[in-house]
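In what follows, a structure is listed as C-alpha cells, so that the remarks can point back to it.
Computed from a prediction, not measured in an experiment: that's the story for all the values here. Order of the sequence lines fixes the chain letters, A, B, ..., with proteins taken first and strands second; residue numbering starts at 1 for each chain.
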Amino acid sequence: MPRVSALTLNAEQQAAVVYGDGPLVVFAGAGSGKTRVITQRVAHLIEKRNVPPWRVLAVTFTNKAAREMRARLEQLIPGQASSLWVGTFHAVCARLLRAHHEQIGLRRDFVIYDDSDQRSLIARVMRALEIDDRVYAPKQMAFQINAAKQEGIGPAEFEARDPLTRVAREVYALYEERLAAASALDFGDLIFRLVQAMRKDPALKQALQARFEYVLVDEFQDVNHVQFAFVQMLCEVHHNLCVVGDDDQSIYRWRGADRRNILDFRNHFPDAHIIKLEQNYRSTQRILRVANSIVGRNLDREPKELWTSNEPGAAITVMACEDERDEANLVGHAIRMLLESGLALNDIAILYRTHAQSRAFEEVLRRSNTPYRVFGGLRFYDRAEVKDLLGYLRIIANPEDDVSLLRVINVPARGIGKTTIERLIDAASRAGTSVNTALLDVANDPAHNGATRKKLEGFVQLMAALRAFAAREDSPAEISRHVLDVTGYAEVLRVEDTPEADSRLENIGEVLSSMEQYAADAEKPSLTEFLETITLETDQDRKNADNAITMMTVHAAKGLEFPAVFVGGLEEEMFPRIREGAADEHEELEEERRLAYVAFTRARERLFMSYANTRRLYGDLKIRRRSRFIDEAPPEELHVVGVKRAPAQSSYGGGYTNRSTNRSGYSSGYSSYSAPSKPPAREPRDGPYVDRSEANDVSEIHPGMRVRHTKFGVGEVTGVSGGMPPRVTVQFEDGPRQIVSSFLTPA
DNA sequence: TATGATTCCATTTTT
DNA sequence: TGGAATCATA
C-alpha cells in the first residue's frame, strides 16, 4: 500500500501548516495525516516565523498523543522541542495550578484524586449525610458532580430540580469541602479550578494570555465546555488558536464532549478560517466507501467525504453467525488464514462495542494458542497493591490526603479497626478538619485510653519517620522501597507465598521500575511530580511490545490503525446500542454511527464485520437481528459468508465456507450421554466433565460420598442438611467444614 | 479479621 | 451468566 512520504504534504495540509495568524479550524478526517499537520505547523511557527517555543501550547487528550507529538517535534526542530508546552488538558492545567498555587489558594503539593478515589470520598460524604446509597446511587452522584464541573458549575450554582439533583447538590457541596480539607483536586477540578481562577483574577489571566501566544488543540471534537472556556480565555487577546478535529469521530458525548465546539467554531471566532483534510492515506477505497456511506447518513455533521488514491482493495467480509461462539470460531478461522497469508499478529485487531464480547473471542484464541491481549478491564494503576503503595507515597507528600490515609491506615493490618476509623472520621467532620488532623489530636492526647491511642501513635510515628526519610531522598523508587520495608507490606506478601501474592509483588516491582524510568527521564525528579504523572497516566499509555492480536472496544481503538480489523457484534441493540424511546434517541443513533465509522476506518486493508443470530446475554438466549449499519453500507461492497439467514435469500459464498465445526451436531461421542433436550456437552478441558447441576441435586449427595472443593481439595461427606441450597458437612484433610453443595463436585 | 456467601449489576471511560 | 462489592459469621 502506498503510504505518503514523510516529506510531502498535500495542498490542504500545506495550507494548514503555513496558515498565518488568527483562528483556524482543520477538519481532519480519519487517516488524513492530522498529526503530521499539527506537528509541522508547530515546527513552522518556530522555524519560519521565529516564535519562541515556550510561547506555543499544544494540547492533546491523551498522554500518548502528547508524547508522540513531542517525539516528532524533537526530530523536526532538534533541541527546541523540550521548551514547548505539549500536554493533555489535565497535565497542562495541573502544571499551571502548581505554578500559580499561591494566587489560586492551593497547597503546592495538592494530590489528584482519580475516579476510584473520588468514589470513595463520595461514599464517605454520603454516609456523613446519612443518604441511603440504595436510593441514590453513588455513581449517579459522581456523574452529577463531574457533569457540573464539565459545565463549569460549582455547588452554589448547581440547580436542584428534582429529588435526585437536590441530593446531588448536597453531596457536591460537602464533597468540595472534603476535597479542600484533603488538599485534593479531582480530574474535573484541574481544568475547572484554573478557569475559575482566571475569571476571578485578571492578572493571572493576562499572564497566561501573554505567555501562550499560539495555542493548538488536537481532537477538538472531544472538548467539553470548561475546556473550551479555558482555550477561549487563553486566546481572547491574540486569537492564535488552531483547532484540529473530526466531528465524525466524536464518540464521547456521554462524557461531556460537545461537537458544537468544532461545528460552531465560527460563532465564537467569526474570522476563523476553515480547512478540510479529506484525502485518506490509510484505507482502501472499499473500506472508505463503506465508512462514508454509514456516517454520511447522519444529518448533523459538517459535510465532507473521505477519498483515497489507494487501491480499491479486497471486499469487505460480513460474517453471518449462529451465535457468539460461532462468531468467534469464524473470526478465529479467518485470522488463521490471514496469518498464513503473511500478516503478523500485531497487524490484526478485534474490535467490539462492549467488553463483555471479548470472552468468546478469547476462548477461541486461547484454544488455538494464538497470542492476544485484551485492553480495558481492570486498570493496572487500580490494582489494590499499586494503590496501596501510591497511597503511602501520597500521604508522605501530602499528609492531609484523607482518601489515601484511610486506605493505608490499617494496611497491612496493624490493629486499627473499623470502629476506631469511624471515630476518626466523625471527629474530623465535626471539627471540619482533615482526618489526619483528627488522628494527630487523638494520638497526642493523653486523655484518650491506652491500646487504641498507642496504635494510632505508632502509625503517626511511622509516617513521621517515612516523611523524614523522604525529605532526605528524592528518588521515588528509593522512598518506595523504604516504605515497603518499614511498613512490612512487602514482608506480608512474601510470607503469604501464594500465586496472587507473587503477582502483587510483581506489580509492585513494575511500579518501582516505572519510577526508575521516571527518575532517569525527569529533569528534577520529585515525589509530587511523579505522583501526578502516574495518576494522569492510563493503561493506554503503557506500551506493550508483545506480538499479539489486539482486542479492545471501539472507543479504545480511536486513533489506532491495523492492516486487518474485525468488528464483532454488529447487531441491533448491540451496535447500535440505543435506548429506544429516549428523548435523544436520534442523537444517540448518530453517535453510534460515528462509532461505527471510527471502527471501520481503523482498517487499512481488510475489514470484517460479524453478527450472530442468537446471543447469550445475562444468562439467557436472545434472538438478534443484524445491525442496520450493515444495511447502510453499499451492498456491492459486501461479501457475505456464513449461515443462511432464511432459506429464500441464501448468500452462502466462497471464502470462509469450509466451516470447521460440524453444524448438524456434535454427534459423535457425547450425544448418547446427554438427554435430547439438553444442550450438547462441552468438550472436556482437563479431567472428566462434571455437570454441576447433578452435583447440586441433593439426592446425589449422601454421607460417605467423596467430594472435591476447589480450595479444600477432596473430602468425605459426613452430613447433609436441608434447605435451598443444601449445606453439607465435609471432612477435609485439615478438618470439617460446612459447604454449600454447589461448590462441590463428586470426586 | 478472614473468608465464604450473598447481592447487585451489566455501554462506551482520552484524564 | 459472571464478577465485584458488600455482607455475615465463625
Side-chain angles (χ1 to χ4, degrees), chain A residues 59-66 87-94 112-116 118-120 123 133-134 137-139 142-143 146 149-150 185-191 218-219 221-224 227 249-257 324 351-357 359-360 375-379 381-382 384 410 412-418 496 532-541 552-560 569 573-579 588 591-592 594-595 598-599 615-622 709-712 725 727 735 737-740 742-743:
Chain A
V59 192
T60 61
F61 272 87
T62 65
N63 293 302
K64 196 175 152 208
T88 63
F89 271 103
H90 298 264
V92 165
C93 291
I112 300 169
Y113 279 179
D114 67 15
D115 292 342
S116 72
Q118 178 185 51
R119 221 180 37 216
S120 73
D133 60 6
R134 282 165 307 188
K139 225 177 155 187
F143 178 82
N146 292 333
K149 289 186 178 185
Q150 279 160 9
L185 298 183
D186 61 26
F187 283 148
D189 281 335
L190 294 176
I191 297 131
D218 193 10
E219 305 276 20
Q221 76 281 357
D222 288 339
V223 302
N224 62 35
Q227 288 163 338
Q249 290 187 72
S250 165
I251 54 176
Y252 287 104
R253 187 174 86 104
W254 48 278
R255 284 195 103 212
E324 72 270 21
L351 309 181
Y352 34 75
R353 182 66 240 266
T354 66
H355 287 300
Q357 289 168 257
R359 171 163 299 141
F375 286 77
L378 186 61
R379 295 152 126 224
Y381 295 112
D382 279 345
N410 198 32
R414 46 176 76 90
I416 302 175
K418 224 189 264 168
E496 206 178 304
E532 177 177 312
T533 327
I534 211 166
T535 47
L536 294 182
E537 194 96 343
T538 62
D539 275 10
Q540 296 259 327
D541 300 319
M552 55 171 71
T553 63
V554 179
H555 282 92
K558 201 179 87 172
L560 306 177
E573 293 177 308
M574 178 91 128
F575 198 179
R577 175 178 285 268
I578 43 177
R579 299 168 303 150
E588 288 188 4
E591 178 137 327
E592 293 290 309
R594 294 192 290 270
L595 198 53
V598 168
R615 186 177 291 270
R616 202 162 276 285
L617 211 63
Y618 305 144
D620 40 29
L621 202 65
K622 292 271 201 295
H709 184 274
T710 45
K711 219 178 214 150
F712 306 124
R727 282 158 185 273
R737 269 174 197 281
Q738 283 270 322
I739 309 278
V740 171
S742 56
F743 290 93

Is there any protein nitrogen or oxygen under 3.5 Å from a nitrogen or oxygen in nucleotides 3-10 of chain C, and what are the pairs?
unit_1, atom_1, unit_2, atom_2, d
C:dG3, OP1, A:Arg359, NH2, 2.8

_Let's go through A:Arg353 and A:Glu592 carefully: what are the C-alpha distance in whole Å and the side-chain angles of both, what is the deciding distance for salt bridge (Lys or Arg N to Asp or Glu O under 4.0 Å) to 0.1 Å, and is it a yes or a no?_
CA-CA 10 Å; A:Arg353 182 66 240 266; A:Glu592 293 290 309; 2.6 Å; yes
_Which atom of A:Ala142 lies closest to which atom of A:Gln118, heavy atoms considered_ =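 Closest pair (atom of A:Ala142, atom of A:Gln118, distance): CB-OE1, 4.2 Å.
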*Closest approach of A:Gln221 and A:Gln249, non-hydrogen atoms and distance?*
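It is NE2-O, 3.8 Å.
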In whole angstrom, give the distance that lies between atom [atom1] of [X] and atom [atom2] of [N].
X        : N      : atom1 : atom2 : result
A:Phe61  : B:dT13 : CZ    : C1'   : 13 Å
A:Asp222 : B:dT12 : CG    : P     : 18 Å
A:Leu617 : B:dT11 : CG    : C1'   : 12 Å
A:Ile416 : B:dT1  : CD1   : C1'   : 15 Å
A:Arg615 : C:dT1  : CZ    : P     : 17 Å
A:Asn146 : B:dT15 : CG    : C1'   : 11 Å
A:Glu219 : B:dT13 : CD    : P     : 15 Å
A:Met552 : B:dT14 : CE    : P     : 11 Å

Among the candidates [options], find the nucleotide nearest to the side-chain atoms of [X].
X        : options                : answer
A:His90  : B:dT15, B:dA10, B:dT14 : B:dT15
A:Tyr252 : B:dT12, B:dT14, B:dT1  : B:dT14
A:Leu536 : B:dT15, B:dT14, B:dT1  : B:dT15
A:Phe187 : B:dT15, B:dT12, C:dT1  : B:dT15

*Counting only distance, no hydrogens or angles, is the base of B:dT13 paired donor-acceptor with the side chain of A:Arg255 under 3.5 Å?*
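Pair found.
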*B:dT12 base / A:Arg353 side chain donor-acceptor hit below 3.5 Å*: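 Answer yes: a donor N or O sits under 3.5 Å from an acceptor.
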Any side-chain N or O of [X] less than 4.0 Å from the OP1 or OP2 oxygen of [N]?
X        : N      : value
A:Lys139 : B:dC8  : no
A:Thr553 : B:dT13 : yes
A:Tyr618 : B:dT11 : yes
A:Asn63  : B:dT15 : yes
A:Asn410 : B:dT1  : yes

*Got more than 12 heavy atoms from elsewhere within 6.0 Å of NZ, A:Lys139?*
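12 or below, so no.
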*Looking only at atom P, what distance separates B:dT13 and C:dA4, rounded to whole Å?*
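Nearest-Å result for B:dT13 against C:dA4 at atom P: 16 Å.
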*With DNA chain B as reference, determine whether A:Arg134 or A:Thr88 sits nearer its 5' end, using the nearest nucleotide of each.*
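Mapping each residue to its closest nucleotide by heavy atoms, the 5'-most match is A:Arg134.
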Students often get this wrong, so: under 4.0 angstrom with heavy atoms, is [X] touching a base, only sugar-phosphate, or nothing?
X        : result
A:Asp115 : base
A:Asp189 : nothing
A:Phe89  : nothing

*Can you check whether A:Trp254 stacks with the B:dT12 base, using ring centres under 5.5 Å and planes within 30°?*
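So A:Trp254 counts as stacking on the base.
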*Begin from the C-alpha positions of A:Lys622 and A:Asp620 and carry the test side-chain contact (heavy atoms from CB on, under 4.5 Å) through to its verdict.*
CA-CA 6 Å; A:Lys622 292 271 201 295; A:Asp620 40 29; 3.3 Å; yes
*Would you check if the side chain of A:Asn410 reaches a backbone N or O of A:Ala413 as a donor-acceptor pair within less than 3.5 Å?*
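No, A:Asn410 side chain to A:Ala413 backbone: no donor-acceptor pair under 3.5 Å.
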_Nearest-0.5 Å distance, CD of residue A:Glu588 to CD of residue A:Glu591_ =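 With rounding to 0.5 Å, CD (A:Glu588) is 8.5 Å from CD (A:Glu591).
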*Among A:Thr354, A:Leu595, A:Leu351, which one satisfies side chain to side chain contact (heavy atoms under 4.5 Å, CB included) with A:His555?*
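That would be A:Leu595.
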*Have a look at A:Asp222 and tell me which of A:Arg255, A:Arg253, A:Lys558 forms a side-chain hydrogen bond (donor to acceptor under 3.5 Å, both in side chains) with it.*
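It is A:Lys558, the one option of A:Arg255, A:Arg253, A:Lys558 that forms the side-chain hydrogen bond (donor to acceptor under 3.5 Å, both in side chains) with A:Asp222.
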